[in-house]
Amino acid sequence: MAPVNKRRAFLRRDSGAPRSALEKFAQVGKSTYDPRLRREKERALNAKTVNKYRKIQKRVQQEWEETGVVPQRIAEKAQAEKEAARQEIEAKRKAIEEHWAKVAADKRRRAEENRKMRKKNARGQPLMKHRIEKILSKIAVE
């Protein structure tokens, strides 16, 4: 069964440090959050990350010295790879744009053809002019 009163529940809990009931009672409403501890932990984590980066940098520098590989060549190669990837992405984007432009043009053409085929004369008969033109254009293509 869960305790109803938080203050009583806190008083019943043993926080590890022996204190009087009065001290426990005084601590009930206070926050345990300490921004100094948070900043200290953050600094420690940042220092750990920086040290790890420096070790890796030192190891890579030693490998470069041993193998004779110049970092400039590596940077140029990375730049060339990045440029090739960018050009490939640009080509794909351009192909997609051309595809959608073609789809839109075909849609417009079909809508125009459909509009022409639906035309009627004064008596309500379909106009044969456009229908004959369509048949002739199909024959000319073949």
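No hydrogens, no waters, no symmetry mates; every other heavy atom, side chains included, goes into these values. The first residue of the sequence shown is numbered 1, and numbering continues consecutively from there. Everything quoted here is computed from the prediction, not taken from an experiment.
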Novice: I need the Thr49 OG1 to Arg54 CZ distance, nearest 0.5 Å.
Specialist: 11.5 Å
Novice: Is there a salt bridge (Lys or Arg N to Asp or Glu O under 4.0 Å) between Arg109 and Glu113 once you walk through the steps?
Specialist: CA-CA 6 Å; Arg109 181 189 51 77; Glu113 258 182 40; 3.3 Å; yes
Novice: Given the rule in the salt bridge (Lys or Arg N to Asp or Glu O under 4.0 Å) test, do Lys92 and Glu88 qualify, once you have shown the distances and angles that lead to the verdict?
Specialist: CA-CA 6 Å; Lys92 285 181 181 178; Glu88 184 178 329; 3.7 Å; yes
Novice: Check the hydrophobic clustering (I, L, V, M, F, W, Y; side-chain heavy atoms under 4.5 Å; chains of links allowed) and say if Leu136 and Met128 are grouped together.
Specialist: yes
Novice: Regarding Glu97 and Arg93, does a basic nitrogen lie under 4.0 Å from an acidic carboxylate oxygen?
Specialist: yes
Novice: Are Arg115 and Glu112 packed together at the side-chain level, in the sense that at least one heavy-atom pair is separated by less than 4.5 angstrom?
Specialist: yes
Novice: Is there a donor-acceptor pair closer than 3.5 Å between any side-chain N or O of Asn114 and the backbone N or O of Arg110?
Specialist: no
Novice: Kindly compute the distance separating CD1 (Ile56) from CD (Gln61), expressed to the nearest 0.5 Å.
Specialist: 14.0 Å
Novice: With a 6.0 Å cut-off (strictly less than), is the heavy-atom count around CG of Leu37, excluding the residue itself, greater than 12?
Specialist: yes
Novice: With the threshold set at 4.0 Å, does a side-chain nitrogen-carboxylate oxygen contact exist between Arg86 and Glu83?
Specialist: yes
Novice: Using a 4.5 Å cut-off on heavy atoms from C-beta on, say whether the side chain of Pro126 contacts that of Arg131.
Specialist: yes
Novice: Near Tyr53 OH, under 6.0 Å, is it more than 12 heavy atoms from other residues, nucleotides or ligands?
Specialist: no
Novice: Any salt bridge linking Arg38 with Glu42? Criterion: basic side-chain nitrogen under 4.0 Å from a carboxylate oxygen.
Specialist: yes
Novice: With rounding to the nearest 0.5 angstrom, report the CD1 to NZ distance, Ile89 to Lys94.
Specialist: 15.5 Å
Novice: Can you tell if the side chain of Glu133 reaches within under 4.5 Å of the side chain of Lys129, non-hydrogen atoms only?
Specialist: yes
Novice: Does Lys134 reach the side chain of Met117, with side-chain heavy atoms less than 4.5 Å apart?
Specialist: yes
Novice: Assess whether atom NZ of Lys120 is packed by more than 12 heavy atoms of other residues, nucleotides or ligands within 6.0 Å.
Specialist: yes
Novice: Who pairs with Glu98 by side-chain hydrogen bond (donor to acceptor under 3.5 Å, both in side chains), at least two apart in sequence or on another chain?
Specialist: none
